[in-house]
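Convention: sequence-line order gives letters A, B, ...; per-chain numbering from 1.
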Amino acid sequence: MEISRRVFVKTTAVALASAAAAGTLSTMMGCSSGEGQEAPAGDSGTTKTLAVCRFCGCGCGVIVEAKDGKLISVTGDPENGSNRGLNCVKGYYLVGALTGEDRLTKPLIREDKSLKGTMDGFREATWEEALDLVASKLRETWKADKSRLAFWGSGQQPIVEGYCTAKFWKAGLLSNNIDPNARLCMASAVVGFMNVFQTDEPAGCYADIDETDVFVTWGANMAEAHPMLYSRLTARKLDNPNVLHYDLTTLTTRTSATATKVLTFTPGSDLAIANAIANYIVVNKLYDEAFINDHLQFKQGTENIGNSTADDYDVTEPGNTVDAVESITFEQYAERLAPYTLEYASEISGVPAADIEELAKVFADPSKKVLSLWTMGVNQHSRGTWMNHCIYNIHLLVGKYALPGSGAFSLTGQPTACGTAREVGTFCHRLPADLVVANEVHRRYTEAVWNLPEGYLDAIQKPGFHTVKTFRELSKGNIDFLWSAHNNWAVSMPNLTRFLGRGDKKGIFDAFICVSEVYPTLSTAYADVVLPAAMWVEREGAFGNGERRTAIFEKAIDPPGEAKWDLWMLMEIAKRVLEGETIDGVDAFDHLFGFIYDKEAADFKGDQREVCRTAWEEYRTFSNPWLNERANAINEEAGLKMDAKQLAPYDVYLEKHGLLWPVREVDGDWLETSWRFCDGEQADGFDQVGIATHGSQDLANGVSFYKSAGQKPSVVFRPYEPPAEMPSDEYPFWFCTGRLLEHWHTGSMTRRVPELDRALPEALLDMNPADCEKLGVVDGDMVRVKSRFGEVEIKVSTAGRTQPPEGLTFAPFFADETLVNLAVQDTYCPLSKEPDFKKTCVSIEKI
Amino acid sequence: MKITSIIAACLAGAAAVKAAYDVAAPSALPLLPPGARPEGGFESLCVKCGKCIEACPYQSLHPAPASAGALAGAPCVDARIQACRLCAEFPCIEACPTGALAPVESKADVRMGVAVIDEDTCLSFQGMRCEVCYRVCPLIDEAITIDYRKREGDALHAVFAPIIDEEKCVGCGLCVERCVVSDPAPAIRIRPTGEPEAAQ
């Protein structure tokens, strides 16, 4: 009898559960090195290692089984508190994501630049040759004009690599031209967090889902984009039939399908709805007065900020004043809200006033815990930062924040957008651990941890190019060197008609582009050098998910062919670029990376576990200042509270299947924090140590926002301002893009999984049947979607997976043969610089 | 290995063998195009001219194999390879010169067959978030709905069980084409109209 994969999966899950019950994971995890450890349950020669799913921000734990250097299975980790052994269909078929037939296994060098845009014109090269070429181009650009180089990273770049890349770019090259693709998904949430709380983090965690009474989803198709979290949300609703779910959306989705009530609003009008809810709460005195008195301050900021469509927006009025705020009184805040009556919001949004009132009453009901969850509808918004503010404003007014079951949570879409892009700080304006380049004390602190001379980082006090700026400059011929890793910008960036040089064949065609990748993608097709990378469990790494959970994935197998660990590529390129340079009289490379890499031997000092541990220990110093005397003194003197985001020693994460930071050492044990700023026993997941160290006890609701200025988060009034484009006679439809369950992001991994490709083989344009009738198109017809930015041909569907209202259309962005971003605007939120992928205006015509 | 898991393996193995047998012995009745009425004279009206096969823009139709007996050569759909896409204008029906494919009002009136889910092999019934069949269904929330259920022994997750409404399912087979499971067979199949329920 041949045992099917399903049966195998079932039996291994049971076996693993019992093995895990018998001891820690490290005893059952077999061995990546294979030394001195017994193979766990299963056939001899089989290893089982721990990992986190490669795809979305849910961070589902998985167990990887390998034999003879090949993956046999990836199954849900029954011990993982978040997913309990379950996965969505992407995680279930994860093995296939690594075993596509066209894995890149040799470095490629482009010989014919005129063939850019295709995978033709390359030749295979040795690593030596490829690294020499990339390093020489980087060094040449660096020496000539530092503003003409850039690195584009990712919320998929594992933590240690992100840390070392940031260190190389910021301290090694003294350049801030480094930004991650997380700019496209999380930047508005980040600026919202920083403006409101002065700390970039959610106060709550996924366990809030299990305790809340009301879910409010804002611009979020969780049912498809966060499958296992949505399973958790659904379990909560089944557990208690009184639990409510309000879905605020511009189109009916699979998430709307299970909501108690759906509020379908005109794109961009969510600002008016949120302000109307806040106004209703204020006018009817439904706010939590004690909470306001103890915890809140009120502000307003620059308004009438226009749109960032023009290239010089950031440096001219109003773009260069968008961050300004001033303090106001509660009464002034109430006055600013006053125009936002239910009727006014209803008029702008199209949502019945009674529905907005109902939701406002639910928010204000003292007996109900309320959890707001949002994704790209809020963040990819021409006023994304403002919309984040508006949601916090509501939660803060009614005192429903930082409490189990009550919170406001921006869900991440990538496995380590938080862990790497945000916590490490691979942005053009950041340093590790929430520090920013523009702040002098932050630079001093970073210099201390990196053992740099005082003042060394003053050269980078001005932020570099953010993502859209980078690609705009690239298209204008102002970037000579671009290196990208863990992303697929040629599919995921907006305004690709411009950025891919589809018109003038310039910019991208002239620049030298290096792409580290695991498969050929549209981005590698525009590369001059392609570096084949080890993928996921072909090396050791760590991810930090949306709920502050840091988790390690162990190496399970070797990469195919000559594919290499990204960190090795970075070391080899850094070594070459920094040749002959010194820092403080010491060889620059050795100064920065000598602690993990032996440049003479062209190899790491120790195995991957040791390298990750050593690099982690240095990174961890940022949040454990007492590990570095000089840093500790700066922290004490400036009151930086760097320990507020304390991370644990590396091996603790292996033992405990990942932990939510801050992780506190209590009586010799390392304890995580589920609920930030909420007082209670550390052992129960509350922020006992943080509040005892920095905060105040016995304030309203038992919370203390000790990271916020004056220990008071800011309620900032943000008005409704219309989207960058509104439908017109020429471009009468809204065009919204997004993700669907079967494929993750640009599909470069999931489309190589035969089962997933079968399940969703093509990208379709979902349309309202009435619009189809008006245009004379039927299900299955090809149409041309055209905007001011570009056009794309796509097949129409009225099947109903998403159900747009009249005047709105939706398409996913996973398919590079249906490159929807050719038509999407690159207008971004002026504060966060995150593009609005949801509201391009288009015309549609039958082909 | 625990006793319980051995039993589970044996039971699932038996199910796998049974499913493999089902595949090896396809139903005598093929899945016929929209408008075909197996009990309304399709067999006698269809002259096997192939015009509907030519008219299908998706190449969903092909001649039934010899194993289809009297219907060998008549148009049929192999849903796993290419399901019927329920075209708005039904070009296959328009092309039929004999009335073997009779006009239908709309896609909801098609009666090719009814989808049947194998709950033992379906990933969704095991708590995985799949439901591919549901999301691709051209009659989503009608022919296939989701029954949200508590998952036994797991307070944190729900089972999203796809459920077929036999009255509303038209049997186009898109769910079969897209089902991620293939070992030993797709977790969903179409019982063609005219095939008795017990035959599955």
Side-chain angles (χ1 to χ4, degrees), chain A residues 1-8 10-15 18 41 76 81-93 209-210 223-224 227-228 230-239 254 257-258 740-742 753-756 758-761 778-781 797-801 803, chain B residues 1-2 4-6 8-17 19-20 57-58 80 85-89 107 120-121 123-124 126-142 145-146 148-151 153-160 174 177-184:
Chain A
M1 180 182 83
E2 194 178 310
I3 296 185
S4 73
R5 182 183 133 79
R6 192 183 63 83
V7 177
F8 175 80
K10 219 174 204 173
T11 50
T12 36
V14 172
S18 40
S82 182
N83 63 311
R84 299 273 169 99
L86 297 178
N87 286 118
C88 77
V89 71
K90 290 189 295 294
Y92 188 80
Y93 288 111
I209 293 171
D210 313 330
E224 300 224 35
M228 295 320 297
Y230 201 68
S231 179
R232 197 162 174 171
L233 180 153
T234 305
R236 172 63 185 152
K237 291 203 284 195
L238 290 170
D239 190 46
R254 289 306 103 204
T258 62
L740 296 173
L741 195 151
E742 293 83 351
V753 179
E755 291 87 352
L756 299 175
R758 169 186 278 283
L760 184 57
V778 296
D779 195 276
D781 279 350
S797 171
T798 53
R801 179 173 186 157
Q803 293 160 4
Chain B
M1 190 184 273
K2 284 187 172 178
T4 47
S5 57
I6 293 169
C10 292
L11 286 175
V17 169
Y58 292 96
R80 185 62 170 166
R85 300 302 292 269
L86 299 172
C87 303
E89 309 294 336
K107 64 183 177 186
D120 289 330
T121 58
L123 296 183
S124 301
Q126 288 152 66
M128 306 293 168
R129 283 294 320 281
C130 179
E131 318 111 51
V132 166
C133 54
Y134 163 72
R135 288 189 304 276
V136 301
C137 178
L139 295 161
I140 187 170
D141 287 326
E142 293 177 38
T145 55
I146 297 292
Y148 301 92
R149 303 170 179 177
K150 288 188 183 181
R151 184 165 180 263
D154 181 354
L156 295 186
H157 298 98
V159 171
F160 288 42
L174 194 55
E177 183 189 317
R178 300 291 174 82
C179 177
V180 293
V181 177
S182 58
D183 180 17

* Asked: What part of A:Asp239 is in contact with chain B, defined as an atom under 4.5 angstrom from a non-hydrogen atom: side chain, backbone, both or neither?
  ->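 For A:Asp239, the contact with chain B is made by backbone and side chain together.
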* To do: Let me know if A:Thr258 has heavy atoms under 4.5 Å from chain B in its side chain, its backbone, both or neither.
  =>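 Just its side chain gets close to chain B.
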[options]: which one forms the most heavy-atom pairs within less than 4.5 Å of chain B?
options                               : result
A:Ala759, A:Gly800, A:Cys88           : A:Ala759
A:Ala257, A:Ala235, A:Gly780, A:Gly85 : A:Ala235
A:Ala799, A:Pro227, A:Ser797          : A:Pro227
A:Glu742, A:Arg232, A:Arg254          : A:Arg254

Between [atom1] of [X] and [atom2] of [Y], what distance do you get to the nearest 0.5 Å?
X        : Y        : atom1 : atom2 : value
A:Leu741 : B:Cys130 : CG    : SG    : 8.0 Å
A:Asn87  : B:Gln126 : CG    : CD    : 12.5 Å
B:His157 : A:Arg84  : NE2   : CZ    : 7.5 Å
B:Cys179 : A:Glu755 : SG    : CD    : 10.0 Å

Short question: side chain of [X], backbone of [Y] - any donor-acceptor pair under 3.5 Å?
X        : Y        : result
A:Tyr93  : B:Val180 : yes
B:Arg129 : A:Ala223 : yes
B:Arg178 : A:Leu760 : no

* Asked: Most heavy-atom pairs under 4.5 angstrom with chain A, which of B:Ile146, B:Leu156, B:Ile140, B:Val159?
  ->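 Among B:Ile146, B:Leu156, B:Ile140, B:Val159, the one with the most close pairs to chain A is B:Leu156.
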* To do: Evaluate side chain to side chain contact (heavy atoms under 4.5 Å, CB included) for B:Glu131 paired with A:Glu224, printing each intermediate quantity in order.
  => CA-CA 10 Å; B:Glu131 318 111 51; A:Glu224 300 224 35; over 6 Å; no
